[in-house]
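Beneath this line is the structure, given in structure tokens, with notes to follow.
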Amino acid sequence: MIERTLVLVKPDGVQRALVGRIIQRFEDAGLKIVGMKMKWVDADFAKKHYAGNVGKKFYQFLENFIISGPVIAMVLEGVSAVEVVRKLVGVTEPKGSAPGTIRGDFAHTSYDHADENKKSISNLIHASGNKEEAIAEVMLWFTEKEMHTYRTVHEVHVF
Ligand code: CMP
């Protein structure tokens, strides 16, 4: 039940100075940060991270966006962390994300708007889509030495 998942604060979140407020959402829910770094990825790394999207009609816009500035990468740990993080983040298109989710509270744009402007949708976060993706993405972004084992109060009061 205890899982690890990868979360990125994308270049729009970093440049809008939302990093602290976004991390706060995850900490408030009791998720544990076991790894964190700032990284400016290149096109080769983007193709590895978005391997499942390479070839899709929006891929080049997505790559341009993710390499446009540094991102904050985190490994979060918790009970059913993959599903819980996706719930906190909201659906991929901010226009449809519920208030109370990160995308619903801090963004509102749509696929149509992004397509019209020939850019990727600015949706602040990437979060692993399922358990298999989470395992692969955590391994791509972090070495074992970059992740840490420690106790939080949440393991006593929240888990
Ligand atoms: P992310 O969670 O980073 O993973 C895949 C990304 O592809 C997703 O966020 C969106 O930014 C992007 N994406 C998915 N579907 C579409 C789409 N139909 N049009 C444009 N971008 C998309």
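For ligands, and for the atoms within them, numbers begin at 1 and follow the listed sequence.
- A cation-pi contact, defined as under 6.0 Å to the ring centre and within 45° of the axis, is absent between K119 and F65.
- Salt-bridge check for K131 with E83: failed, with every basic side-chain N at 4.0 Å or more from each acidic carboxylate O.
- Polar contact check, Y50 against ligand 1: a nitrogen or oxygen pair lies under 3.5 Å apart.
- Residue N123 touches ligand 1 through its side chain alone, judged by heavy-atom distances below 4.0 Å.
- Counting only N and O atoms by type, the side chains of H126 and E137 include a donor and acceptor under 3.5 Å apart.
- The residues D105 and R25 are annotated as salt-bridged, a charged nitrogen and a carboxylate oxygen being separated by less than 4.0 angstrom.
- The protein heavy atom nearest to atom 8 (C) of ligand 1 is T92 CG2, 3.7 Å.
- The nearest heavy-atom contact from the protein to atom 14 (C) of ligand 1 is F58 CZ, 3.5 Å.
- Heavy-atom contacts of I121 reach the following atoms of ligand 1: 10 (C), 11 (O) (cutoff under 4.0 Å).
- Atom OG of S110 and atom CD of E93 lie 5.5 Å apart (nearest 0.5 Å).
- Look at F61 and you'll find every heavy atom at least 4.0 Å from all atoms of ligand 1.
- Of all heavy-atom pairs spanning R86 and S128, the tightest one is CD-O, 3.2 Å.
- Of the heavy atoms in F65, none comes closer than 4.0 Å to ligand 1.
- At under 3.5 Å, a nitrogen or oxygen of K10, whether backbone or side chain, sits near a nitrogen or oxygen of ligand 1.
- Set against the non-hydrogen atoms of N53, the atoms of ligand 1 under 4.0 Å away are 5 (C).
- Atom 1 (P) of ligand 1 has H126 ND1, 3.3 Å as its closest protein atom, hydrogens excluded (heavy atom only).
- Annotation: ring pair (Phe, Tyr, Trp, His ring centres under 6.0 Å) contacts of Y111 (sequence neighbours excluded): none.
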